[in-house]
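Below is one structure, written out as structure tokens; the observations come after it.
Note that the coordinates shown come from a computational prediction; the quantities given were computed from them, not determined experimentally.
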Amino acid sequence: MASEIKDRVRITVVIPAFNVEDYIVAALDSLHEQVVLPDEIIVIDDGSSDRTLELLNNYTFKVPSQIISKQNEGQGIARNIGLEKASGEYVYFFDADDLLKPNFIKDMQDFLRENDFPSILFFAGESFYEGERHDNVLTPDYRRGFEGYFPTREAFLQGLEQRGSISCSPCLYISKKRVWTDNELRFKSYYHEDEEVLFPLIFACTTFVVRDTIYFRRRIRPNSTMTIRRTDSHIAGIRATINTLTELKRTKDFSKLGARLINKRIHSFSISYVNASIQVGRKIDWLFLWQKLFEIKSPKFGIQVIARLLFPSRFGLQHRNK
């Protein structure tokens, strides 16, 4: 019994919630139907104008819980509040319209304990559509493609490079709270806040576990973060992600592999910036983009971005006037 108490893994689940009256109860039920319950649930109502807060206040929680109501500032700020309030050694960021497999908490605790309490544990997920399939939404790939225990960051990055991509969603990893607090990591207030923090988080971690087992179920629905039309806020988030990645590369000492993966991600977001600007109908800040590409010594890639700018129809894009 003493050994079990010593090795107990305390997990806090943080849930930002905004106008999710149709989904919040199902999300909470998926937590309360776990084979092993989480140690703590913190829900941050982000200024909902529907019945979300009422449903939260009437819900019967089976574990220690906090319901925090605040003005609307975005899910990134809501997650930060939950992170600050969390009492568990590990924090899991869960979205209020999604679902979890019933063995999620138990398996997470087992994996963490069996792998000597790593900094972060990545796992897999799947998408399901609410109602009719949304043809304008590309179904994300939430499989990892590799798995194992990685005692060093370099070993993890090698697996990541072989996979080719990794989902940024914080719903697909569980991490030590102190990794966030010791490195002053926080989510930003704009879209793509999960992308912006991913690589700083990875390079703050020292040990990694990856499981390619599905535990998370992403609901694809109308008017969600995934399906809403791109706006200026999306563009601001993409720019911020590019800034964070270039700053990370400039201030940290990276191996060739680490630098190559960061460059690849900057390339990807440079293209996203061009695409989003064209779709929204905003003028592209070419000086900003060129400076960032020059900083990472990728002028050849800059030519590719110019091609997308000058010939958008060849890339399936159309200019919009706004």
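Closest non-hydrogen pair, Ile24 versus Ala17, comes out as CD1-CB, 4.5 Å. Across every non-hydrogen atom of Cys168 and Arg265, the tightest pair is CB-NH2, 4.1 Å. Taking every heavy atom of both residues into account, Ala96 and Pro16 meet most closely at CB-O, 3.5 Å. Here the closest heavy-atom approach between residue His192 and residue His234 is recorded as CD2-O, 3.4 Å. In terms of heavy-atom proximity, Leu172 sits nearest to Gly125 at CD2-N, 3.6 Å. What you find for Thr244 and Pro200 is that their closest heavy atoms are CG2-CG, 3.6 Å.
Side chain of His32 to backbone of Leu37: no donor-acceptor contact under 3.5 angstrom is found. With hydrogens and angles disregarded, no donor-acceptor distance shorter than 3.5 Å links the side chain of Ser48 to the backbone of Asp50. Checked by atom type and distance alone, the side chain of Asp194 never pairs as donor or acceptor with a backbone atom of Pro170 at under 3.5 Å. Judged by distance alone, the side chain of Thr12 and the main-chain N or O of Gly88 form a donor-acceptor pair under 3.5 Å. Remark: side-chain polar atoms of Lys176 are paired, donor with acceptor, to backbone N or O of Phe117 under 3.5 angstrom. Remark: the backbone N or O of Ile11 is paired with a side-chain donor or acceptor of Asp39 at under 3.5 angstrom. A side-chain donor-acceptor contact under 3.5 Å links Glu40 to the backbone of Ser87. One N or O on the side chain of Gln34 and one on the backbone of Ile105 form a donor-acceptor pair closer than 3.5 Å. The backbone N or O of Asp212 lies less than 3.5 Å from a partner atom in the side chain of Glu147, making a donor-acceptor pair. A donor-acceptor pair under 3.5 Å is formed between the side chain of Arg219 and the backbone N or O of Asp97.
Checked against the 6.0 Å centroid threshold, Tyr273 and Trp286 do not count as a close aromatic pair. The ring of Phe203 has its center closer than 6.0 angstrom to the ring center of Phe254. Checked against the 6.0 Å centroid threshold, Phe156 and Phe122 count as a close aromatic pair. Taking the six-membered ring for Trp, Tyr92 and Tyr90 have ring centres at least 6.0 Å apart.
With contacts defined as side-chain heavy-atom distances shorter than 4.5 Å, the pair Ile41/Phe94 does not qualify. You'll find the side chain of Ile67 stays beyond 4.5 Å of the side chain of Tyr59, heavy atoms only. At a threshold of 4.5 Å between non-hydrogen side-chain atoms, the residues Leu121 and Val210 do not count as touching. Residues Val274 and Leu289 have side chains in contact (heavy-atom distance under 4.5 Å, counting atoms from C-beta outward). In this structure the side chain of Thr213 never reaches within 4.5 angstrom of the side chain of Phe123, judged on heavy atoms. Two residues are said to be in side-chain contact when any heavy atoms from C-beta on lie closer than 4.5 Å; Thr231 and Val280 fail this criterion. Looking only at side-chain heavy atoms (C-beta outward), Ile68 and Asp45 stay at 4.5 Å or farther from each other. Two residues are said to be in side-chain contact when any heavy atoms from C-beta on lie closer than 4.5 Å; Ile235 and Ser277 meet this criterion.
The pair Glu73-Lys70 meets the salt-bridge criterion, since a charged nitrogen lies less than 4.0 angstrom from a carboxylate oxygen. Using a 4.0 Å cut-off between a side-chain N of Lys or Arg and a carboxylate O of Asp or Glu, Arg79 and Asp46 do not qualify as a salt bridge. In this structure, Glu126 pairs ionically with Arg217, as a charged nitrogen and a carboxylate oxygen lie closer than 4.0 Å. Using a 4.0 Å cut-off between charged side-chain N and carboxylate O, Asp107 and Lys101 make no salt bridge.
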| request: Start with the C-alpha distance between Phe150 and Phe208, add both sets of side-chain angles, then the distance that settles ring pair (Phe, Tyr, Trp, His ring centres under 6.0 Å), and finish with yes or no. | output: CA-CA 5 Å; Phe150 302 92; Phe208 305 77; 7.6 Å; no
| task | Check step by step if side-chain hydrogen bond (donor to acceptor under 3.5 Å, both in side chains) holds for Asp95 and Tyr23. | result | CA-CA 10 Å; Asp95 283 350; Tyr23 314 106; over 6 Å; no
| message | I'd like to know whether Tyr173 forms a ring pair (Phe, Tyr, Trp, His ring centres under 6.0 Å) with Phe93, so could you lay out the CA-CA distance, the side-chain angles of the two residues, the decisive distance to 0.1 Å, and finally the verdict. | response | CA-CA 8 Å; Tyr173 58 76; Phe93 299 103; 7.2 Å; no
| task | Would you sort out whether Thr246 and Glu295 count as a side-chain hydrogen bond (donor to acceptor under 3.5 Å, both in side chains), showing the intermediate values? | result | CA-CA 8 Å; Thr246 52; Glu295 187 172 340; 4.7 Å; no
| task | For the pair Arg153 and Thr206, evaluate side-chain hydrogen bond (donor to acceptor under 3.5 Å, both in side chains) and give the outcome as yes or no after the intermediate values. | result | CA-CA 6 Å; Arg153 186 183 305 114; Thr206 56; over 6 Å; no
| Residue pair Val179, Leu201: steps toward the side chain to side chain contact (heavy atoms under 4.5 Å, CB included) verdict | CA-CA 8 Å; Val179 171; Leu201 175 63; 3.8 Å; yes
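At a cut-off of 3.5 Å, with distance as the only test, no side-chain donor of Thr52 or Glu21 sits close to an acceptor on the other residue. No side-chain donor from either of Thr241 and Glu195 sits under 3.5 Å from a side-chain acceptor of the other.
Partner of Ile15 under the side-chain contact (heavy atoms from CB on, under 4.5 Å) criterion, out of Leu28, Ile42, Ile44, Val20: Leu28 alone.
Note that Arg211 lies in the cation-pi zone of Phe111, set by a 6.0 Å cut-off to the ring centre and a 45° limit from the axis.
With hydrophobic clusters built from ILVMFWY side chains whose heavy atoms lie under 4.5 angstrom apart, Ile202 shares a cluster with Ile262.
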